[in-house]
Amino acid sequence: MARYDPHAIERRWQAIWEDEGTWQVPNPGDPGFDDSKPKDYVLEMLPYPSGEPHVGHLKVYSVGDAIAHYRRRNGFQVVHPMGYDAFGLPAENNAIKTGEHPRDATWRSIEEFRRQFRSWGISIDWTREVATCDPAYYRWTQWIFLRMFERGLAYRTEAPVQWCPNDQTVLANEQVIDGHCERCGALVEARSLEQWFFRITEYADRLLSDFDLLESWPEHVVTMQRNWIGRSEGAEVTFRCEELEIDFPVFTTRPDTLFGATFFVVAPEHPEVERLAAGTGHEDAVRAYVDEAIRSSAEERGAEDRQKTGVPLGRTVTNPVNGERIPMFVADYVLMEYGTGAIMAVPAHDQRDFEFARAFDLEIRQVVAPPDSGEAPIDEAFLGHTAGEVLVNSGSFDGMPATDAKRAITNWLAERGLGKAAVNYRLRDWLLSRQRYWGCPIPIVYCDRCGIVPVPDEDLPVELPDTDDYAPKGQSPLAAVTDWVNTECPRCGGPATRETDTMDTFVDSSWYFIRYLDPRNSERPWDRRATDYWMPVDQYIGGVEHAILHLMYARFFTKALADIGELSVQEPFASLFTQGMITRGGAKMSKSKGNTVNPADLVERHGADTARTYVCFMGPPDRGGDWVDEGVEGVHRFLSRLWRLSEEVVERTAAGEMPGDLGGAARELVAKAHWAIAKVTRDIEQGFQLHTAIAAAMELVNKAYELKDALYDDAAGAAALRFATATAASLIFPFAPHLAAEAYESLEGERVWEQPWPEADEALLERDTFTLIVQVNGKLRDQLEAAAGAPEDELLRLARESENVRRHIDGREVVKEVVVPGKLVNLVVR
RNA sequence: GCGGGCGUGCCGAAACUGGUAAACGGGCCGGCUUUAGGUGCCGGUGCUCGAGAGAGUUUGAGGGUUCGAGUCCCUCCGCCCGCACCA
């Protein structure tokens, strides 16, 4: 008998799928489009092509492909595309080091990814492939940017950036490690530069409320996004500095504690700091403090257990509720990025204000107290989160429950024009400018006469020019390409210069799933007919590391594009599955640790089917797991067993109808096959339990081995064996498609992927007998065979007859009999 | 600190609505096949006592509800992930 030779099998089927374009699906209106099937869009996050694929890629695409295959065989028209997130820093850093153009390194890597994905037999519609660094793609990234610009959703403003004083360059967040430059180790500084932003904050509320529109997202991802958006309800209250006649609005979630404000703090970056300190005699101290604060990194400022610091400004503001003048401070625990960059400090009811008050010996006045207990001892801030607290020391509001007082005080302020109800978000606008070469150029021109001018659509794409110097020098490497930078103003024809920053790569990946649906369109970014049909993505699969940024940006883009009138859905991804990370020896795989597994080697040694099945079998796919080489062997053994079984069955049995009434071993095996169908179906359907689905297929194969020698003798047995083996192949197909196709073809003469997903026959799942569990006082005492439909009294009789049961009840009184028909009997004795 | 997840054999893990704890895989032990094997097939394997039948015991710790708890409720401990001076 032939040995299981994965390479020959895999080559054969991959060639068939390639030649026949098996996984290609037409769009509505295209020839061959089948509108009788419901659509299904299965998508895995696109890879960043760097070097060659690693096991993480093997896992996402194995899991995703299993789902795609499963859905196809359940009657769906499945689109399952692939592409490359091909702009980005690693290729550029490589260019700085070696001088090789990032484009060349990237395309070389894309070639390798393609080759390996094909060698894995992933069922991709390759006609839809895109790469974000291709001008035919980024032309439309620019087009979307321009539509956003027209709507005010893309805007330019001055903003602080991370600056490396040694390299004279702006750094992306990812390039700042613990406040230091990734490349030279210098302490990073904050600088202010003109930057482009997307106004994602305008969508904060919709990004929150539209979680309701999602079908199935992991709860923790929704929670992470919710926390990231960080919506807080409260009030904006105006404190006035009478001496300088400046109003200072603050945001607070606790307007009920307004009477407890005993001082006022502004952030070191606050624009009024210098004016406030001027002429107070505190100027020098304030300037020294502000300089120090601005120089230190966010890391240092936010360090845990750090003492509160700050300096007095020598000014006061007036508390609008009681007219009290309270002293002003500048302190770095107040952040310019959140709220208004200034706070009212209520030390009795805020931990940070409390610590500051302690350090500076300021008044701590309690204004909220539990209803009965009076005032709390002042050794820590009373945070007042339990229900029922009432106001104290709060003038006419005394005695009012704190929850009511929030509204009452806000209303009181609003009537007098001193404040209003307000909502604040932690979410900031999306800074998309990167002073980098290998990214999508921002299609904007600056003209002395016309100002900021968008590049007209017909001039897109603004192509990335070539250069040989990729090193950043305080501005984008593009700035040095003067031929390209100097251009004509599209509006007035006068001299103008191009924007030299490129876009954050998250922009490229915020809409790729739409482009897949109409990837060759050169007139428009996509045809609405295609997107109306295919969108949203029904099942999105990828790593948790993208739980916040990528997923939120893509949601934002989808909403913005819907508002612009280019899409008809509000949410891009109806269901999301996040897969866990594979480790080895308990540690993240890395070249420096030398614990990596190379998928190409793995496929070379065991074949793609083994590699794919193993990553799905390791454990719950959302949880990640530790790579064990022996485990791979185990899966390979299982696939070999299935292979040999199928060879043997083909050789020793003839194809034929299975008789309707089976008995003995034949019946047992057929019942097991139906059990496996039900189990695999339920496990895939309910929460991606792929590992237990594979275990069920293993059980079926084990049962066939156990019974096969008794089954070869008669036609009914042979038919049962053929059925069970073909079923095992059919069920393992989503995971090991090549082997399954080969085995199924030799057994049934059909292509397994063209067969509908098998259905479990309820009648065959039922057995004529079952194992009756007999307990005494809840302890297992015997296991008996009982007839399937046996009535309760019959089961009780059987149980009482058991010798072991009798030993445990003799001489005692049976006070209760619990019977669960078809399952167990429990006798309670005293 | 806030939010989320998790704790079960030697290891990865399983257990649908409370009903045989440990399916499946690995590892280990043994048998058979083989000239030989690191191949294949079969069997065993939570722990303790026992020759055995069997008994006791076991799901991070403690308590509770129940005829019956890995599963439900309360208290506590430990680990992992995300966010973090967000007013």
Side-chain angles (χ1 to χ4, degrees), chain A residues 3 218-228 230-232 234 250-254 257 265 298 301-306 308 331-335 337-346 349-353 355-356 383 424-428 544-545 547-548 580-581 614 617-620 622-635 637-638 640-641 644 678-679 682-683 686 689 691-699 701-702 705-706 709 771-783 803-804 807-808 815-820 822-829:
Chain A
R3 259 187 77 239
E219 198 46 50
H220 68 276
V221 173
V222 173
T223 308
M224 276 160 86
Q225 290 205 5
R226 203 167 260 142
N227 293 343
W228 187 262
R231 183 180 199 274
S232 304
V250 300
F251 174 74
T252 177
T253 54
R254 297 292 305 273
T257 64
V265 189
R301 277 174 65 169
E304 231 173 314
D305 303 333
R306 187 163 167 270
K308 289 281 174 290
D332 67 4
Y333 80 93
V334 173
L335 309 175
E337 316 83 86
Y338 187 77
T340 60
I343 61 155
M344 64 171 201
V346 184
H349 305 290
D350 180 280
Q351 194 58 42
R352 298 151 299 178
D353 297 346
E355 286 164 18
F356 191 87
L383 298 171
N424 229 293
Y425 300 92
R426 190 186 164 281
L427 184 69
R428 308 262 66 86
V544 234
E545 62 272 21
I548 298 178
M581 200 178 49
Y614 176 66
F617 182 64
M618 288 175 76
D622 54 340
R623 239 198 275 162
D626 208 53
W627 188 275
V628 180
D629 289 333
E630 289 83 0
V632 181
E633 307 278 347
V635 168
R637 244 187 317 267
F638 157 64
S640 305
R641 263 161 82 79
R644 284 194 308 271
K679 171 87 174 143
R682 180 155 42 88
D683 287 351
Q686 291 179 8
Q689 302 283 64
H691 60 311
T692 52
I694 294 165
M698 288 173 168
E699 283 196 57
V701 170
N702 289 347
Y705 266 78
E706 180 192 325
D709 291 336
T771 308
L772 177 69
I773 302 308
V774 186
Q775 301 177 328
V776 177
N777 283 352
K779 287 203 160 103
L780 178 68
R781 293 304 173 192
D782 209 350
Q783 304 180 42
E803 204 176 313
N804 204 34
R807 254 215 308 277
H808 285 91
V815 293
K816 188 164 185 174
E817 294 165 332
V818 180
V819 183
V820 182
K823 203 142 232 170
L824 77 107
V825 169
N826 186 16
L827 302 174
V828 185
V829 299

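Labels below follow one simple rule: chain letters A, B, ... track the order of the sequence lines, proteins then strands, and each chain is numbered from 1. All of these numbers come straight from a predicted model, not from anything done at the bench.
Put simply, CG on A:Leu772 and CD on A:Gln783 are 9.5 Å apart, with the number rounded to the nearest 0.5 Å. In this structure, A:Gln775 CD and A:His808 NE2 are separated by 12.5 Å, a value rounded to the nearest 0.5 Å. With values rounded to the nearest 0.5 angstrom, A:Lys679 atom NZ is found 8.0 Å from A:Gln689 atom CD.
Summarising the geometry, the separation between CD on A:Glu630 and C1' on B:rC28 is reported as 12 Å, rounded to the nearest angstrom. A:Asp683 has its CG atom 11 Å from the C1' atom of B:rC24, to the nearest Å. Distance, A:Arg807 CZ to B:rA55 P: 6 Å, rounded to whole Å. As rounded to whole Å, 19 Å separates atom P of B:rC86 from atom OH of A:Tyr425. A:Asp782 has its CG atom 14 Å from the P atom of B:rA53, to the nearest Å. Distance CH2 (A:Trp228) to C1' (B:rC81): 15 Å, rounded to an integer number of Å.
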Worked verdict on A:Asp353 versus A:Ile343 for side-chain contact (heavy atoms from CB on, under 4.5 Å) = CA-CA 10 Å; A:Asp353 297 346; A:Ile343 61 155; 3.5 Å; yes
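Glycosidic torsion of B:rG9 falls within 90° of 0, placing the base in syn.
For the pair A:Asp683 (side chain) and A:His691 (backbone), a donor-acceptor distance under 3.5 Å is absent. A donor-acceptor pair under 3.5 Å links the side-chain atoms of A:Tyr705 to the main chain of A:Arg641, judged by distance alone. With A:Asn424 contributing its side chain and A:Ser232 its backbone, the two residues share no donor-acceptor pair below 3.5 Å.
Within the structure, every side-chain polar atom (N or O) of A:His808 is placed at least 4.0 Å from both OP1 and OP2 of B:rG54. Applying the 4.0 Å criterion to OP1 and OP2 of B:rA55, one finds that A:Arg781 has a side-chain N or O inside that range. A sub-4.0 Å separation between OP1 or OP2 of B:rA87 and a side-chain N or O of A:Ser232 is present. Proximity of A:Lys816 to the phosphate of B:rG68: no side-chain N or O atom is located under 4.0 Å from OP1 or OP2.
Comparing A:Glu633 and A:Leu780, the nucleotide of RNA chain B nearest to each residue sits closer to the 5' end for A:Leu780. When the nearest nucleotides of RNA chain B are assigned to A:Met698 and A:Gly341 by heavy-atom distance, the more 5′-ward of the two goes with A:Met698.
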Distances for protein N/O vs nucleotides 40-49 of chain B N/O pairs under 3.5 angstrom?
from	atom 1	to	atom 2	distance (Å)
B:rG40	O3'	A:Arg644	NH2	2.9
B:rC41	OP1	A:Arg641	NH1	2.8
B:rC41	OP1	A:Arg644	NH2	3.0

Pick out the pairs of N or O atoms, protein on one side and nucleotides 12-14 of chain B on the other, that lie under 3.5 Å.
from	atom 1	to	atom 2	distance (Å)
B:rG12	O2'	A:Met618	O	2.6
B:rA14	OP1	A:His691	NE2	2.7

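Picking from B:rC67, B:rU20, B:rA84 the nucleotide with the shortest atom distance to the side chain of A:Val818 gives B:rC67. Considering only side-chain atoms of A:Ala695, the nucleotide from B:rC67, B:rA23, B:rU20 that sits closest is B:rA23. Of the candidates B:rC85, B:rC24, B:rC67, the closest approach to any side-chain atom of A:Glu699 belongs to B:rC24. The side chain of A:Tyr333 lies closest to B:rC85, out of B:rG3, B:rC85, B:rC16. Counting only heavy atoms from C-beta on, A:Gln775 has its side chain closest to B:rU20 among B:rC85, B:rG4, B:rU20.
Between A:Ala547 and A:Val221 the shortest heavy-atom distance is O-CG1, 3.7 Å. Nearest heavy atoms, A:Ala342 versus A:Val250: O-CG1, 3.4 Å. Looking at every heavy atom in both residues, A:Phe251 comes nearest to A:Tyr338 through CE2-OH, 4.0 Å.
Nucleic acid contact for A:Asn804: sugar-phosphate only, since backbone atoms but no base atoms lie under 4.0 Å from a heavy atom of the residue. Heavy atoms of A:Gln783 sit under 4.0 angstrom from at least one base atom. Among the atoms of the strands shown, only primed sugar atoms or phosphate atoms (P, OP1, OP2) are found under 4.0 Å from some heavy atom of A:Lys779. Nucleic acid contact for A:Val635: none, since no nucleic acid atom lies under 4.0 Å from a heavy atom of the residue.
The aromatic rings of A:Tyr614 and A:Trp627 sit perpendicular, their planes meeting at an angle over 60°, well past the 30° parallel limit.
The partner of B:rC72 is B:rG64, by the rule that a Watson-Crick or G-U pair needs both atom distances under 3.5 Å. Base-pair partner of B:rC83: B:rG1 (Watson-Crick or G-U wobble, both distances under 3.5 Å). Of the nucleotides present, B:rA55 is the one that pairs with B:rU48 by Watson-Crick or G-U wobble criteria, both distances under 3.5 Å. Across all strands shown, B:rG7 forms a Watson-Crick or G-U wobble pair, both distances under 3.5 Å, with B:rC77. Summarising the base pairing, B:rG30 is matched to B:rC42 through a Watson-Crick or G-U wobble pair whose two defining distances lie under 3.5 Å.
Comparing the P positions of B:rG30 and B:rG19 gives a spacing of 38 Å, expressed to the nearest Å. If you take atom C1' in B:rU58 and the same atom in B:rA15, they sit 16 Å apart, rounded to whole Å. Look at the C1' atom in both B:rG37 and B:rC32: the space between them is 15 Å, to the nearest Å. Rounded to whole Å, the C1' atom of B:rG50 lies 9 Å from the corresponding atom of B:rA55. Separation of the C1' atoms belonging to B:rU8 and B:rA21 is 8 Å when rounded to the nearest angstrom. Taking atom P on both nucleotides, B:rA13 is separated from B:rC81 by 16 Å, rounded to a whole Å. Comparing B:rA53 with B:rG38, their C1' atoms are spaced 40 Å from each other, to the whole Å. Comparing the P positions of B:rA69 and B:rA61 gives an interatomic distance of 15 Å, to the nearest angstrom.
For the pairing with A:Arg781, the side chain to side chain contact (heavy atoms under 4.5 Å, CB included) check across A:Val825, A:Asn804, A:Ile773, A:Asn826 returns one residue only, A:Asn804.
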